[in-house]
Amino acid sequence: MSNVDVARVLVDLADLLEIQGANPFRVRAHRSGARTIETLAEPIAGLVEDPERSPEELSGIGKDLSEKIISIVLTGKLDQLDELREQVPAGVVAMLRIPGLGPKKVGVLFKDLGLESLDALEAAATEGAIAELKGFGAKTEQMILEGIGLARHGSTRTWLSTARVAVDRIVEDLSKLDSVTRVSLAGSSRRLKETVGDLDVLATVSEGVSSSDVMAALAGHELVDEVLAQGETKQRVRLLEREGGGLELDLRVVPEASYGAAMQYFTGSKEHNIVVRRRAQERGLKVNEYGVFSETDEDGPAVAGRTEEDVYQAVGLPWIPPELREDRGEFEMAESGRLPELVTVEDIRGDL
DNA sequence: GCCG
DNA sequence: CAGTACG
DNA sequence: CGGCCGCTACTG
């Protein structure tokens with residue numbers, strides 16, 4: 001059992017617990033434990049077999065998860081997972097991959113309508129049976145029909161090189177608008193992950209300028225297929241099929257003064273952001289995508305947020321390069337002033 | 001679920 | 001408002 | 001025991 005295998009069991013368990021309506025924090029604890037195992041620098045099996053040690057020494061893994069991990073390593077399985085699998089069919093778990101369907105709704109579809117597969121779900125949606133459920137409507141039903149292909153397809157990540165072709169054009173075109181002051185790439189594409197799940201673009205407008213111009217421009221962009229959601233500050237669109245297979249793009253529009261905070265937030269990763277926000281709490285501060293605020297004077301002016309350096313400084317850190325923002329040790333490195341110097345394009349002298 |  | 005989504 | 005990221009944003 002490799003670390004990845006053990007992590008996989010915990011993730012599967014988390015999915016099933018979630019559909020069953022378990023405490024969200026309990027679900028998160030399993031996911032977090034899985035992540036810890038997956039990113040561990042040594043084989044978890046060694047830790048289990050060494051009588052002097054135990055998975056419990058890992059932060060975020062307590063007595064319960066430790067016992068589960070030991071069982072997985074020693075027997076290759078987990079009884080609790082097998083039991084849950086009998087109660088919740090695989091098809092129901094697959095429904096979670098449909099955008100817009102979360103554990104609560106999937107639970108209702110399974111328990112109230114008895115749907116156990118994507119095929120059954122599609123049939124029910126086609127007949128209009130979904131729209132009659134409470135909490136569901138015609139729009140949800142439509143969403144399901146459109147997303148069911150994605151769920152059947154499985155993973156939908158796109159190579160960064162493919163995604164960049166489309167997003168670079170969009171960034172460039174939006175930059176030309178008079179109403180925006182800057183347009184930047186954020187999210188996993190800014191962190192230079194090899195593949196991206198979607199694209200994130202941040203635009204800033206001058207104080208008091210409406211976001212509607214930028215959003216209208218994106219909606220009408222030649223690479224955009226349809227607008228999936230749109231509000232005052234956020235818009236989600238689907239790109240045309242040929243540009244990386246129906247990639248989705250999130251546009252976020254914030255005032256200029258929030259640029260740094262918004263970039264920090266929108267660049268992620270999620271795990272990294274949670275640590276940043278927790279550090280803020282420890283210092284009597286609150287961080288959100290609009291700035292860093294004093295906890296005691298929430299309505300007061302932001303203490304930081306114009307630049308990313310601002311934000312990191314407010315939580316006692318130097319600026320951390322996007323490529324490292326994964327909560328995989330960068331905080332310890334930053335804290336001790338030992339952030340590595342990253343390789344840049346200029347370092348490359350040739351190509352074999 | 002884990003942590004303080 | 002609850003659910004879902006975003007990093 | 002209580003708290004666990006966000007004065008998140010958008011939809012129905």
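Nothing here was measured: the structure is a model prediction, and the numbers come from that model. Just so we're on the same page: letters track the sequence lines, and every chain starts at 1.
- Both A:Met143 and A:Arg252 lie near DNA chain D, and the one whose nearest nucleotide falls closer to the 5' end is A:Arg252.
- No side-chain N or O of A:Thr181 forms a donor-acceptor pair with one of A:Ser206 less than 3.5 Å apart.
- Look at A:Tyr265 and you won't find any side-chain N or O under 4.0 angstrom from OP1 or OP2 of D:dA9.
- In this entry the distance linking CG of A:Leu199 with C1' of C:dG7 reads 14 Å, nearest Å.
- Residues from residues 19-36 of chain A with heavy atoms under 4.0 angstrom of DNA chain B, sorted by number: A:Asn23, A:Phe25, A:Arg26, A:Ala29, A:His30.
- Residue pairs meeting the salt bridge (charged side-chain N to carboxylate O under 4.0 Å, His left out) criterion with at least one partner in residues 330-352 of chain A, sequence neighbours excluded, are A:Arg279-A:Glu335.
- Contact annotation: A:Lys104 side-chain N/O to C:dG3 OP1/OP2 distance is under 4.0 Å.
- Residue A:Arg277 contributes atom CZ, which lies 14 Å from atom P of D:dC4 at whole-angstrom precision.
- When rounded to the nearest whole Å, the span between NZ of A:Lys134 and P of C:dG3 equals 10 Å.
- Shown here are the salt bridge (Lys or Arg N to Asp or Glu O under 4.0 Å) partners of A:Arg236, two or more places apart in sequence or in another chain: A:Asp198, A:Glu248, A:Asp250.
- OP1 or OP2 of B:dG1 has at least one side-chain nitrogen or oxygen of A:Lys68 nearer than 4.0 Å.
- The backbone N or O of A:Met215 sits less than 3.5 Å from a side-chain atom of A:Gln235, completing a donor-acceptor pair.
- Inspection of the A:Glu42 and A:Asn3 side chains reveals no N or O donor paired with an N or O acceptor under 3.5 Å.
- Nucleic acid contact for A:Ser188: none, since no nucleic acid atom lies under 4.0 Å from a heavy atom of the residue.
- One C1' atom belongs to D:dA9, the other to D:dC5, and the distance between them is 15 Å to the nearest Å.
- Nearest nucleotide to the side chain of A:Lys105, out of C:dG7, D:dT8, C:dT4: C:dT4.
- Phosphate proximity of D:dG6 to A:Gln281: present, with a side-chain N or O under 4.0 Å from OP1 or OP2.
- Contact check, A:Arg236 against D:dC10: no side-chain N or O comes under 4.0 Å of OP1 or OP2.
- Rounded to an integer number of Å, the gap from CD of A:Glu56 to P of B:dC2 is 8 Å.
- Positionally, the nearest nucleotide of DNA chain D for A:Lys270 lies more toward the 5' end than for the other of A:Thr140 and A:Lys270.
- For A:Glu248 and C:dA5, the CD to C1' distance is 11 Å, given to the nearest whole Å.
- When the side-chain contact (heavy atoms from CB on, under 4.5 Å) test is applied to A:Val171, the partners found at least two apart in sequence or on another chain are A:Val167, A:Ser175, A:Val183, A:Val201.
- Across D:dT8, C:dG7, D:dC10, the shortest atom-to-atom separation from the side chain of A:Tyr290 is found for D:dT8.
- The interatomic distance linking A:Arg278 (CZ) with C:dG7 (C1') rounds to 16 Å, in whole Å.
- Where pairing requires Watson-Crick or G-U contacts shorter than 3.5 Å, the helical stems of DNA chain C with at least three consecutive pairs are C:1-5 with D:8-12.
- Comparing D:dG6, C:dG7, D:dC10 by their closest approach to the side chain of A:Lys234 singles out D:dC10.
- At the heavy-atom level, A:Leu101 lies under 4.0 Å from the strands shown only through sugar-phosphate atoms.
- Taking A:His272 as the reference, A:Tyr312, A:Phe331 meet the ring-ring contact (aromatic ring centres under 6.0 Å, His included) condition, with sequence neighbours excluded.
- To the nearest angstrom, P of D:dG3 lies 17 Å from CD of A:Glu282.
- Each of D:dA9, B:dG1, C:dG7 was ranked by its minimum atom distance to the side chain of A:Asp64; first place goes to B:dG1.
- Counting to the nearest Å, the P atom of D:dT11 and the CD atom of A:Gln142 are 16 Å from each other.
- Residue A:Gln264 is classed as having no contact, given no heavy-atom separation below 4.0 Å to the nucleic acid.
- Of the possible donor and acceptor atoms, one in the side chain of A:Asp310 sits under 3.5 Å from a partner among the backbone N and O of A:Gly305.
- Atom name P, nucleotides C:dC6 and D:dC4: the rounded distance is 23 Å, in whole Å.
- Neither A:Val11 nor A:Ile70 shares a network with the other; the hydrophobic side chains, linked directly or stepwise wherever heavy atoms of I, L, V, M, F, W or Y lie under 4.5 Å apart, form separate groups for each.
- Under 4.0 Å is where a charged nitrogen must lie from a carboxylate oxygen, and between A:Asp12 and A:Arg85 at least one such pair does.
- Between A:Arg8 and A:Asp5, none of the side-chain N atoms (NZ, or NE/NH1/NH2) sits under 4.0 Å from a carboxylate O, so this pair counts as no salt bridge.
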